[in-house]
Amino acid sequence: MKFTDGNWLVRDEYTLLSAVQPHDFTIQNNTLTAYVSGAPLHGRADTINGTLLTVQFHSPQPGVIGVKLIHFAGVLEHGPAFELAHGEGGEHVEITENDEYAELKSGNLSVRVSKGTHWSVDFFRGTERLTGSGFKSMAHVTETGGNIYMREELDLSVGELVYGLGERFTSFVKNGQIVDIWNKDGGTSSEQSYKNIPFYITNKGYGVFVNDPGAVSYEVASEKVKKVQFSVPGESIEYFIIDGPEPKDVLNKYTNLTGKPSLPPAWTFGLWLSTSFTTNYDEATVNSFVDGMAERDLPLHVFHFDCFWMREFQWTDFKWDEKVFPDPVGMLSRLKERGLKICVWINPYIAQRSRMFEEGKRHGYFVKKANGDVWQWNMWQPGMALVDFTNPAACEWFGSYLRDLVDMGVDSFKTDFGERIPTDVVYHDGSDPVKMHNYYTYLYNKVVFEVLEEKLGKHEAALFARSATVGGQKFPVHWGGDCYADYESMAESLRGGLSLGLTGFGFWSHDIGGFENTAPAHVFKRWLAFGLLSSHSRLHGSTSYRVPWAYDDEAVDVTRMFTKLKCSLMPYLYDTAVQATEQGIPTMRAMLLEFPNDPAVETLDRQYMLGDSILVAPVFSERGDVTYFLPEGQWTHLLSGKTVEGGTWRKENYDFLSLPLFVRENSILAIGANDVRPDYDFADHVELKLFQLQDGATVSRKVQNVKGETELEVTAVRTGSQVTLHAAGVGKPFKVSLHGDEAIASIQGANLSDQGVIEVAAFSEKVELQITLK
């Protein structure tokens, strides 16, 4: 939202009362409070009929400093509010004052507030200034007509780039963009977003989180090109500066505050197949898909029933269409006997024809108008009402229908929609309807996720969610929404996923081949490789089936190859999943997360790191031409074994059965003994592939079980021609192979096969190998 007219003037429709001069400071309960005048104070007379802004500085955890700017403190807080972990006590906080400034320190991060005649706030990492809020940057804004806003402007330095702000399909670097934090159902080809997160991170290694679930508006180097401005409606604004110093550290601290991603079940990493949206399907159709996958040796792990598992005009009523599915319990049982998990589509809207409408209306379970009527409209479903998730009884009511479906055999819910939430309504708990617009999706997904946890157990709950806000990362998995079936949408989907990953979301998917229209076979095949090298992989569309043989025979081969590759990678992938739950680092990582000191990667959005070791560069062309960048070091192509030197751009051509897929040097890749399922005993006979271990390097890798518990931890150290490998765990047999220029001369502590693979038998707790290289 723009308030100024160029660099000097204020737009005619606004009046700004800005932070001009500090008056005094107080220190209480580990909080530093500054009182700031909106005009110069030359004498006592200037304290009359003026404005005094209150600015509070505090710290919920080391390395994080909160700033709250208040104009009128008497405004009632109706909620909702993000669920934040504020820590215990403030023993880590140090507040000092001198004649020039007051300072609050938290870890290696500090904020200094000037005591001079000009208001200024500066944030430091040690002695390095990160950003700051200058003279007149903080402001209370009044719009003609009475609307009130609070504004802040934070400095950007030369070369500083901004990322994040949710799943955004616009340019990956957000400099120059206007971003409104307001969930909308706008597809992937617009500036709108299903998942708006008021948090950004910069290449200087710090992040900024605005603690407001409502309509936060950003001007990212747009209104004023050396500042990020953000504003919210109301009489106060709170934000947090989160120090790294590395981007991974920022995400760890941000998710300490807002919540870590939950660990999805291992089975969710397999291939999902959908009925698609408006297609005609029944049990025979479903069986033809499942049989077709089996006949073609295509591993399939989850079957998804989209909207029309329920009767038309009834959404949502959680009742199988009996004309199409006369025996749903039996059908689900038969599918599960074939090793499949089941997902069904739902949304939080109740159509007037739904069997649930009268019950919800009678008990007050719906969002209402000011006059007490149920709020309804005809968009999506005729007479549709919204479940009021601020009402505990409504949550229990909604959840009871989900429990019945889980008892039938449903394992997961696709929690669609949740973005088109009205603001002219009344909530059960009196929540502010403007702030509830974005927050609604948090309550919706929370209810569904908790039902699955209750019924299936810890680490067995998984959604396929479209909308989100801050904290939504606790309820994985999320997918990218409605995209077209072309290369442009494939690329914009990747941009959205990488941006979302930079805001604390660990797991993300997209509709392989695109949702709208039907992709040409070449687009579908290129998208298959990308989709099966994503955190989660789903074949889904709108008006046509997405079974691979509907495209061409080669699409079947591509599906088979990359599905089996992903299954074999599960010991590695599940380790990255556990990292996401422990550190807030996404499975699919923007290049800057792994190479924060390489300026060449700062704008890259057509490639990514899958975990810490594998680089993926999807191909966005029919001919197979692709341009990508390899950071410095030696890289080994995972499929061909070819080794190349990094630090350069490469332009190559790939067929449909390959793509740039490289393992970085000094990596241990854990490859499983199973290539047909994502959920198996990862540690049993796992192969640990050591790639280009450099002299002096120490590398490690964990292998988890399907509960996320470590069963094998290995560390390899190279000194000259000697490699020492330490392994500890439950003692299951494993293999070790070296991938590089050196060959193995001898091995102590294990046997070397004719193929050059080290075979370690079952062991007791620990084992050490001494490997001598030729």
Side-chain angles (χ1 to χ4, degrees), residues 80 82-83 164-169 179-199 212-216 258-259 261-262 277 306-307 315-316 343 345-350 367 377 379-381 384 386-390 395 398 402 412-423 425 427 431 433-450 452 462-483 493 496-497 499-501 503-511 515 536 538 540:
F82 294 134
E83 295 181 1
L165 296 173
E167 182 191 52
R168 313 217 77 83
F169 307 107
V179 177
D180 291 323
I181 302 299
W182 196 251
N183 287 357
K184 290 186 177 182
D185 176 7
T188 68
S189 297
S190 76
E191 88 286 359
Q192 296 178 4
S193 173
Y194 303 100
K195 309 170 189 69
N196 287 269
I197 311 297
F199 169 77
D212 192 307
V216 185
T258 62
S262 298
F277 173 31
D306 216 56
C307 309
W315 306 337
T316 297
C343 176
W345 175 96
I346 65 170
N347 66 197
Y349 312 146
I350 309 298
V367 175
W377 70 352
M379 188 172 290
W380 184 242
Q381 292 290 283
M384 188 183 82
L386 302 177
V387 177
D388 186 347
F389 291 110
T390 73
C395 295
F398 191 83
L402 301 179
S412 178
F413 295 102
K414 173 184 171 181
T415 49
D416 206 353
F417 290 84
E419 306 93 0
R420 294 173 178 169
I421 306 301
T423 57
V425 292
Y427 284 91
S431 283
V434 173
K435 292 187 176 183
M436 274 298 299
H437 173 86
N438 290 341
Y439 197 74
Y440 184 91
T441 180
Y442 179 85
L443 298 179
Y444 162 40
N445 284 297
K446 183 173 186 280
V447 166
V448 182
F449 191 85
E450 289 181 347
L452 288 170
L463 310 179
F464 220 82
R466 188 173 76 173
S467 57
T469 186
V470 171
Q473 67 268 14
K474 294 183 288 186
F475 318 124
V477 173
H478 293 80
W479 102 95
D482 298 346
C483 49
S493 294
S499 291
L500 186 68
T503 55
F505 286 71
F507 309 100
W508 175 82
S509 187
H510 43 96
D511 292 340
F515 176 74
H536 286 75
R538 182 179 71 159
H540 179 69

Quick check: does any side chain N or O of [X] sit under 3.5 Å from a backbone N or O of [Y], one acting as donor and the other as acceptor?
X	Y	result
N183	N196	yes
Y349	V387	no
E167	S193	no
T188	S493	no
S190	G186	yes
T441	S467	yes

Under 4.5 Å between any side-chain heavy atoms of [X] and [Y], yes or no?
X	Y	value
Y427	P80	no
M436	V425	no
S189	F169	no
F449	P476	yes
V470	P213	no
H478	Y194	no

So, for [X] and [Y], which heavy atoms are closest and what is the spacing to 0.1 Å?
X	Y	answer
D306	K414	OD1-NZ, 2.9 Å
S412	A462	OG-O, 2.6 Å
S509	R538	OG-N, 4.0 Å
E419	K184	CB-C, 3.8 Å
Q473	F505	N-CE2, 3.4 Å
S499	G166	CB-O, 3.2 Å

Taking the six-membered ring for Trp, are [X] and [Y] ring centroids under 6.0 Å apart?
X	Y	value
W182	H437	yes
F417	Y444	no
F389	Y442	no

State which residue, out of W479, W315, W345, fulfils the side-chain hydrogen bond (donor to acceptor under 3.5 Å, both in side chains) condition with D416. W345

Hey, what do you get for [atom1] ([X]) to [atom2] ([Y]), rounding to the nearest 0.5 Å?
X	Y	atom1	atom2	result
D388	Y440	CG	OH	7.5 Å
I346	F413	CD1	CZ	6.0 Å
F82	D212	CZ	CG	7.0 Å
K474	T258	NZ	OG1	8.0 Å

Between F475 and the options L452, N445, V448, the side chain to side chain contact (heavy atoms under 4.5 Å, CB included) test singles out N445

N438-T469 side chain donor-acceptor pair, cut-off 3.5 Å: no

Once you measure the plane-to-plane angle for F515 and H540, does it fall in the parallel (<30°), tilted (30-60°) or perpendicular (>60°) bin? parallel

For W380, what residues pass the side chain to side chain donor-acceptor pair (under 3.5 Å) criterion, not counting sequence neighbours? N347

